[in-house]
Amino acid sequence: MDDIFVGRLMSTTLYTVPPDTLVEEAAQKMLSSDVGSVLVVDGDNQLEGILTTTDFVKVVAERRPKDETPVDTYMSTDVITATVQDSIRDAADVMLEHGFHHLPVVDDTEGVIGMLSSTDLASYLSHVQTPSPS
């Protein structure tokens, strides 16, 4: 797995919102797209944060008016990212160590270019042929 890189497995269909998007709108986007996170990006596609289904626990717990709360209130801003050249083993280790289900993939010039999810890793592993014991 050390020779398989993030760029091969990442999803390139990205669900992004600007930081001033209302929480309710972000939730609707996640539900209608059947995804567990949205990336919060600026006008230059640079990653500012990530909002996940886990973050919505805070939204509900704090009972803030959903139509008045922007996503930048709840998004995680200390986002750990990967690049297309990172090995999937390293990416998986980061995800396990931090309990992440999503790892944004970034490029220095293009900004956010992909997302590696635990589903992407599981899908890859389910298709890997392993040699039978001799």
Side-chain angles (χ1 to χ4, degrees):
M1 282 194 343
D2 288 329
D3 60 341
I4 305 298
F5 300 99
V6 168
R8 180 172 165 194
L9 301 185
M10 71 181 190
S11 302
T12 55
T13 301
L14 300 177
Y15 300 92
T16 63
V17 297
D20 60 348
T21 301
L22 299 179
V23 171
E24 181 179 35
E25 184 181 334
Q28 287 299 327
K29 185 171 196 164
M30 290 168 64
L31 285 172
S32 66
S33 303
D34 196 28
V35 295
S37 68
V38 290
L39 297 166
V40 182
V41 297
D42 66 16
D44 294 324
N45 199 41
Q46 298 300 310
L47 186 65
E48 291 197 6
I50 186 170
L51 187 72
T52 69
T53 52
T54 304
D55 295 319
F56 279 96
V57 172
K58 292 180 196 171
V59 174
V60 172
E62 292 183 12
R63 296 188 183 113
R64 296 237 181 173
K66 60 185 174 183
D67 61 344
E68 296 176 14
T69 307
V71 296
D72 63 1
T73 303
Y74 291 102
M75 70 183 188
S76 300
T77 57
D78 55 345
V79 183
I80 295 173
T81 61
T83 69
V84 293
Q85 296 88 15
D86 292 339
S87 77
I88 61 168
R89 180 180 304 274
D90 290 343
D93 286 346
V94 166
M95 292 170 75
L96 283 171
E97 180 182 333
H98 295 282
F100 297 158
H101 296 281
H102 304 89
L103 191 61
V105 183
V106 297
D107 177 83
D108 287 340
T109 56
E110 295 180 48
V112 180
I113 58 171
M115 176 76 84
L116 184 69
S117 70
S118 52
T119 302
D120 296 327
L121 292 172
S123 177
Y124 170 74
L125 289 175
S126 74
H127 293 95
V128 172
Q129 297 294 325
T130 55
S132 57
S134 302

Taking D90's backbone N and O only, do any of them form a donor-acceptor pair with S87's side chain (distance below 3.5 Å, no angle check)?
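Judged by distance alone, yes, a pair lies under 3.5 Å.
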
Any donor-acceptor N/O pair, D72 side chain to D20 backbone, under 3.5 Å
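No, D72 side chain to D20 backbone: no donor-acceptor pair under 3.5 Å.
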
Would you list the pairs meeting side chain to side chain donor-acceptor pair (under 3.5 Å) in which at least one residue belongs to residues 30-43, sequence neighbours left out?
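Passing the test, one end in residues 30-43: no pairs.
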
Decide whether Y74 and L39 are clustered together by the hydrophobic rule: side chain heavy atoms of Ile, Leu, Val, Met, Phe, Trp, Tyr closer than 4.5 Å, transitively.
no

Applying the 4.5 Å side-chain criterion to the ILVMFWY set and letting contacts propagate, would M115 and V112 be lumped into a single cluster?
yes

Heavy atoms only: give me the nearest [X]-[Y] pair and the separation to one decimal.
{"X": "L51", "Y": "V40", "answer": "N-CG2, 4.5 Å"}
{"X": "E48", "Y": "M75", "answer": "O-CE, 3.6 Å"}
{"X": "L121", "Y": "A92", "answer": "CD1-CB, 3.9 Å"}

Atom pairs and distances, donor-acceptor, side-chain atoms in residues 93-108, under 3.5 Å, two or more places apart:
{"residue": "D107", "atom": "OD2", "partner": "T109", "partner atom": "N", "Å": "3.0"}
{"residue": "D107", "atom": "OD2", "partner": "T109", "partner atom": "OG1", "Å": "2.7"}
{"residue": "D107", "atom": "OD2", "partner": "E110", "partner atom": "N", "Å": "2.9"}

Going by atom type alone, with no hydrogens or angles, which donor-acceptor pairs under 3.5 Å involve a side-chain atom of residues 4-19 and a protein atom two or more places apart or on another chain?
{"residue": "S11", "atom": "OG", "partner": "D120", "partner atom": "OD1", "Å": "3.3"}
{"residue": "S11", "atom": "OG", "partner": "D120", "partner atom": "OD2", "Å": "3.3"}

Residue list, side-chain hydrogen bond (donor to acceptor under 3.5 Å, both in side chains) with T21, at least two apart or on another chain
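Result, side-chain hydrogen bond (donor to acceptor under 3.5 Å, both in side chains) vs T21: none returned.
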
side-chain contact (heavy atoms from CB on, under 4.5 Å) against T53, all qualifying residues, sequence neighbours excluded
M30

With sequence neighbours excluded, residues passing side-chain contact (heavy atoms from CB on, under 4.5 Å) with T83
Q85, D86

Can you tell me how far apart CG (L47) and CD1 (I113) are? Round to the nearest 0.5 Å.
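CD1 of I113 is found 12.0 Å from CG of L47.
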
Got a second to check how far R89's CZ is from D3's CG, nearest 0.5 Å?
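The CZ atom of R89 sits 9.5 Å away from the CG atom of D3.
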
Through direct or indirect side-chain contacts below 4.5 angstrom among Ile, Leu, Val, Met, Phe, Trp and Tyr, which residues connect to V57?
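Noted: V57 shares its cluster with no other residue.
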
